[in-house]
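Along the sequence shown, residues are numbered consecutively beginning with 1. Whatever order the structure lists ligands and atoms in, that order sets their numbers, starting from 1.
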Amino acid sequence: MTHRKKVTYAERDAPLCRGRKMQEDKMPELAEVEMIRRVLEPQLGGRTVTKLLVVRPEVVAHPQTEQFAENVCGAVIERLCRRGKYLQIIFQNGSRAVVHLRMTGQLLVLPADSPPEKYTQLVLSLDDGRELRFLDMRRFGRWWFLQKDEPDTFTGMQTLGPEPSDERLTAGYLREKAGASRKAIKDWLLCQQYVAGIGNIYSDEILFAAGIYPGRGACSLTEKEWERLAEEIPRTMQFFVEKNEISAEDYLKSKGRDYRNTPYLQVYGHKGAPCPKCGAPLAGSRIAGRSSVYCLQCQK
Ligand SMILES: [Zn+2]
């Protein structure tokens, strides 16, 4: 019987790895996309799209840009939904626009006469004199449009596994999906078809909380370890969603890139710093091609 110390999520100093690299690594995951949804929904709900500007046609993945514009213009926004790392703008007529921010996508609601933003890829003009602007420095972000009842065979959303908060996500579900997979458990958690919304940051945090070394083969996890994962996945994600809460003003000031939960990250970005549970220096290496931080004492 192991006595696992629970993470208490005390606030930490800023991560050691600062500046541009940190920013690039910090791709929006579930907790960030949920923050964006919560900030933007009150500003967009009830608004009619009056005009669409597509700066770079590749940003629209489906349908053709002209068709996309025809569908979006005149549509009334009802609400915003999130699924995994996808954000969906649901229109009153049942159609929806889907956006994936990938590495550096940003969504800002600004007055139409405010100065143009660098890296603007797409702009939706709204009937209240404001605009929803999509900025994307690295240009991997994509938009899709789905008619009401149109089968989704292209966004990738159709292949997503359950949300972390989904009650289907049990130890039994995880173990069954992992089967005989020799993939490192960190890499396995990043596969969106098993659990939706987890990326590089939260896979490190979840595995630290669960006391599991990220390089372990998924098939080697014990029943107890799957149980801990099933407990820590929703707990960790919920915690960081709550910590990410931000006002619309502060969101705009940081252009949606200020993640309020950063001081609460226990291991991500803290390689070399003392482990919050045992005090040993945190180790770091590349696992499945992704930078990973973990404690060799606390994670077996
Ligand atoms: Zn430790």
Side-chain heavy atoms under 4.5 angstrom apart, residues restricted to Ile, Leu, Val, Met, Phe, Trp, Tyr: same cluster for Leu146 and Trp143? no
If you define the side chain from C-beta out and look only at heavy atoms, does anything of Ile89 sit under 4.5 Å from Val72? no
Other ILVMFWY residues reachable from Leu53 by side-chain steps of under 4.5 Å: Val55, Val123
Tell me whether Arg83 is salt-bridged to Glu163, with the criterion being a basic N under 4.0 Å from an acidic carboxylate O. yes
Compare all side-chain heavy atoms of Tyr268 with those of Thr262 and state whether any distance is below 4.5 angstrom. no
Counting no waters, how many protein N/O/S atoms sit under 2.8 Å from the Zn ion (ligand 1)? 4
How are the rings of Trp144 and Tyr86 set relative to one another: parallel (under 30°), tilted (30 to 60°) or perpendicular (over 60°)? tilted
